[in-house]
Every structure is written in structure tokens, then in C-alpha cells.
2 protein chains.
Amino acid sequence: MALEHALLVSLSEREGSGYELARRFDRSIGFFWAATHQQIYRVLRRMEEAGWVTHTDIAQEGRPDKKVYQVADTGRAELTRWLAEPIEPTTLRDELGVKLRGASLGDEAAVLREIERHRDEHAARLAAYQAIEQRDFPKPGKLSGRELHQYLVLRGGIRAEQSFTAWCDEVVQALRPEGAR
Amino acid sequence: MALEHALLVSLSEREGSGYELARRFDRSIGFFWAATHQQIYRVLRRMEEAGWVTHTDIAQEGRPDKKVYQVADTGRAELTRWLAEPIEPTTLRDELGVKLRGASLGDEAAVLREIERHRDEHAARLAAYQAIEQRDFPKPGKLSGRELHQYLVLRGGIRAEQSFTAWCDEVVQALRPEGAR
DNA sequence: AGGTGCAGTGCAACCCGTTGCATAGCTAGG
DNA sequence: CCTAGCTATGCAACGGGTTGCACTGCACCT
């Protein structure tokens, strides 16, 4: 149920097409809620049927036309309603833990390499998030309102990636063969 | 695709019924991959059709009969194959980030209370995991093989909960109204 | 000249997971 | 005595998400 509301949040900040929303997600709400263009298109249509958003067709030169969506009153009301509603705390969901748990039933060295690969990928994401932090929020102490919320969401992404890479390092340290230590 | 393999890992350690597996998940692999009994029953049946597992009916007194599943050779081979295969690094997926991101479009105080509630829940999980750590792995330096892997998975759960509660605290600190600081 | 990549929308099929419900008998507590 | 909760399995329906594919036209690189 969260994709609808994530789209409402994003469209409340600025109207946009499905394609634009997909790219925005990659850079911000996507830290907490990823989505493909397919899904976004489908959900936008459903939301329009429900009257939460409306769209305007925009003709472009040299590019395909696009549908720019705006939040309607009903959508704003729905978002407010949802924000006040409690949600279930989530649990981690990562296949890597399953692999590690089963490592002794297969090629343990391969699992270890996989963990190193994931560590590198998460470290790269961490670096990307930290670059955004430095560039867009150089003085976090002065923020308030919407900007402060955006910053705190980014902080969540940073903390998650830090913690994951640190865990991978712990695992690699513990499993690296004796000779390599 | 990971539930099948999580079940294979768990059944490789010890045979068991769907019900037992559901409870085991709550205490170990569940840190990384949660599952309901419904899903487990369905997947076990599918796995049996594929020849990965077999079951024995066990009659019990005063309790319903149960189906105890064992891993077959094909299942063992499949698990080994999967363990060597690369998987995609995951991204965080938590509605709470979406709510925080949209907080200024609704009742901000309610969102803050929700974040505090989640912090408490995650802190409780952290405490539960740490209790398991103390009880089952008092001397982690001496572990190796399967036990070491189990311990490291638990460490992943602990780190994730620590990092999440710390993030919630950061958010609460930053958003708490001036007077309350 | 040809391939890659971006911008833009969309269909169809599938898989995974959740929710609500049903059944059944035992045990423990109020 | 009755209700709640545990053990144990399962059906049916739905909703969310992923994957593969299709079409168009421009820009850029080799």
C-alpha cells in the first residue's frame, strides 16, 4: 500500500510524469521504497481512476509526449489519512543471510566472495549517499520542515548502508581462511 | 526464490514439519527472511512435486498428525547450485521512510509518535537477539563451521536493529518540539 | 552505417506473499 | 463451564511486484 502514498508524497512536492517519478525514486524515496517504471505507470492509472490524481498531456518536440500528473484534493486527503494511520514495523529481508546460514552445505569460498561483492556494492551506495549529503545538506543543523525530513530520510539510507557494509566486513574477517589473515 | 532455499537450509540441519519450520524461522533465519505458515506449506508441497524433499506422515496422540519433511538428493544438489549463484544486493524497504518524507503534509506529531513506536519495537527485538547471543554464543571467538555461520547471521540481525533504533533516535531528537528538548 | 542509450508509455503473464477462513482436539486459566 | 491458545494442515482469493516484450524517435559514438 505504500507505493501509492510514496507517489502522492513525491507529486505533492512537484508534479511529474511516470518516467520522471521513476527517476526521482532512484535518488530519494527509493532509499526506502524502490519501484520500477512499470509499477509506477500502473499505480498512477489506478490512482487516477480513484480520483487521487489528474493528468495533463504534454506534447514535446523530438521526444514522446508525456502525461504530467498532479495531486487532486481527494489524493491530498488520502495522504493525510494514511500519515495518521499506524503501520507494521518491518523485518530485514535479504537472501544473503540465507546463503551465509547455508554456507557449509555448498561452496563456502563462493559464498564468501559473494559477501565481498555485496559489501562493495553497498559501500558504493554509501559513498553515493554521502556525496548527496555533502552537496545538498552541508549545514544540517539549520534545516527544518520538509528539507529536514528529506535529510533524515537520507540519514536512514546512510545508516543502513553503513551497518550493512560493517556486517559484511565482520563476516569476511571471521570467515577468511587462516593463511589470509 | 529464497524461501525454497531457506527451507532447504533449515531442513538440512534437521528434518521437520511445516509447523515446526514456521516456528524455527521466527527464531533464526527469520531475522533475514520471514515467512508465514501458509507460505511454508505451499512451498513445501511445490518442493515435494519437484522432488527436492520427501515427507513421512507421523501420527501423534492428542495432537494432529504431522508431515515431517526430509531433504532429498535433488534438493541437496539444488541448494549447492543456488549457493554458488550470485544474487542481487537488496535495498531497504520500509514504509516509515515514506511517512517521514511526507510528514509535513499531514499530522507531523502523529508521524513522530509512530517513529517512537517503531523505535521501541525494534529496541525490543534487539534485546531479544542480544539475549540469544549471550545464551547461545557466549564465546564467539571459538566458533567455526555451521555454528559460526549461525552466529554471524544473528550478528546481522543485531546490527540491523541497532542501526534502525539509532536512526529513529536521531529522527526523534531532530523533530522533537523545542520545548521538549 | 550501425549500435547504444535515453526519453516516454504500455500490455501480458507470472510469481510471491498476505489475509481470511475452516477444521479438530487437547490443555490451561479464569 | 467456557474461552483462549497451542498443535497441525489446508483452501481460496486477492494484491503487489517482477520480467519480458513492443513501439517511437532523437542523439551520440565508432
Side-chain angles (χ1 to χ4, degrees), chain A residues 1-8 15-27 29-30 32-50 52-53 55-69 82 87-95 98, chain B residues 1-8 11 15-27 29-30 32-50 53 55-69 82 87-95 98:
Chain A
M1 298 269 156
L3 181 54
E4 279 106 319
H5 301 102
L7 289 169
L8 286 175
E15 55 170 36
S17 68
Y19 191 88
E20 282 163 8
L21 285 162
R23 278 179 317 146
R24 271 190 231 169
F25 264 52
D26 290 342
R27 282 176 288 109
I29 296 190
F32 275 83
W33 204 272
T36 61
H37 68 117
Q38 265 314 321
Q39 221 187 319
I40 290 174
Y41 287 134
R42 241 197 309 143
V43 170
L44 281 173
R45 231 174 316 132
R46 204 200 307 155
M47 286 166 74
E48 187 159 33
E49 278 167 34
W52 296 2
V53 296
H55 84 266
T56 319
D57 288 303
I58 308 276
Q60 300 186 111
E61 306 216 344
R63 309 189 158 182
D65 298 354
K66 62 179 179 180
K67 294 183 176 180
V68 171
Y69 287 88
W82 177 75
I87 46 172
E88 280 302 299
T90 22
T91 317
L92 197 57
R93 194 153 252 260
D94 198 315
E95 296 188 297
V98 180
Chain B
M1 297 265 155
L3 182 54
E4 279 106 320
H5 300 102
L7 290 170
L8 286 175
L11 286 176
E15 57 170 37
S17 68
Y19 191 88
E20 282 163 8
L21 285 163
R23 277 180 317 146
R24 272 190 230 169
F25 264 52
D26 290 342
R27 280 177 288 107
I29 296 191
F32 276 83
W33 204 272
T36 60
H37 67 118
Q38 265 313 321
Q39 222 187 320
I40 290 173
Y41 287 134
R42 237 193 315 140
V43 169
L44 281 173
R45 230 174 317 132
R46 204 200 307 155
M47 286 165 74
E48 187 159 34
E49 279 167 34
V53 295
H55 84 266
T56 319
D57 288 304
I58 308 276
Q60 299 186 112
E61 304 215 346
R63 307 189 162 184
D65 297 354
K66 61 180 179 180
K67 294 183 177 180
V68 172
Y69 286 88
W82 177 75
I87 47 173
E88 280 302 299
T90 21
T91 317
L92 198 57
R93 195 153 251 260
D94 197 315
E95 296 189 296
V98 180

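Every chain is numbered from 1 and lettered A, B, ... according to where its sequence line falls, protein lines coming before strand lines. Note that the structure is predicted; figures quoted are calculated from it, not measured.
Within 4.0 Å (heavy atoms only), B/Arg42 reaches at least one base atom of the nucleic acid. Among the atoms of the strands shown, base atoms are found under 4.0 Å from some heavy atom of B/Gln38.
Considering only side-chain N and O atoms, B/Arg23 lies under 4.0 angstrom from the phosphate OP1 or OP2 of D/dT7. Look at B/Tyr41 and you'll find a side-chain N or O under 4.0 angstrom from OP1 or OP2 of D/dT9. Side-chain nitrogen and oxygen atoms of A/Thr36 include none within less than 4.0 Å of the OP1 or OP2 phosphate oxygen of D/dG17. Contact between the side-chain N/O atoms of A/Arg46 and the OP1/OP2 oxygens of D/dG15 is not found at any separation under 4.0 Å. Using a 4.0 Å cut-off, no side-chain N or O of B/Trp33 falls inside it from OP1 or OP2 of C/dC16. Close to D/dA8, at under 4.0 Å from its OP1 or OP2, lies a side-chain N or O of B/Gln60. OP1 or OP2 of C/dC11 sits under 4.0 Å from a side-chain N or O of A/Arg45. A close approach under 4.0 Å does not occur between any side-chain nitrogen or oxygen of B/Tyr19 and OP1 or OP2 of D/dT9.
Atom CD of B/Glu61 and atom P of D/dA8 are 14 Å apart (whole Å). What separates CD of B/Gln39 from P of D/dG10 is a distance of 15 Å, to the nearest Å. For the pair B/Lys67 NZ and D/dT7 C1', the interatomic distance rounds to 16 Å; values are reported in whole Å. The CD1 atom of A/Ile87 sits 16 Å away from the P atom of C/dT18 (whole-angstrom rounding). Rounding to whole angstrom units, NZ of residue B/Lys66 and P of C/dC26 are separated by 17 Å. The nearest whole Å value for the distance from the NE2 atom in A/His37 to the P atom in C/dA12 is 16 Å. Remark: P of D/dT18 and CD of A/Glu95 are 13 Å apart, rounded to the nearest angstrom. Atoms CG (A/Asp57) and C1' (C/dA7) sit 16 Å apart, rounded to a whole Å.
Classified by interplanar angle (parallel below 30°, tilted 30° to 60°, perpendicular above 60°), the ring pair A/His5/A/Trp52 is tilted.
Atoms CD1 and CZ, on B/Ile29 and B/Arg24 in that order, are 9.0 Å from each other to the nearest 0.5 Å.
Closest approach to the B/Ser17 side chain among C/dG8, C/dG17, D/dT9 is made by D/dT9 (side chain taken as heavy atoms from C-beta onward).
Nearer the 5' end of DNA chain D, as judged by each residue's closest nucleotide, is the contact made by A/Ala34, out of A/Ala34 and A/Pro64. Nearest-nucleotide positions on DNA chain D for B/Gly18 and A/Leu3 put B/Gly18 closer to the 5' end.
Using modelled atom types, one side-chain atom of B/Arg93 and one backbone atom of A/Ala34 make a donor-acceptor pair closer than 3.5 Å.
When each of B/Glu15, B/Arg45, B/Glu48 is paired with B/His55, the side-chain hydrogen bond (donor to acceptor under 3.5 Å, both in side chains) condition holds for B/Glu48 and for no other.
Every residue meeting the side-chain hydrogen bond (donor to acceptor under 3.5 Å, both in side chains) condition with A/Arg46, not counting sequence neighbours, appears here in chain and number order: A/Glu4.
More than 12 heavy atoms of other residues, nucleotides or ligands lie within 6.0 Å of CD in B/Gln60, so this atom counts as buried by the packing criterion.
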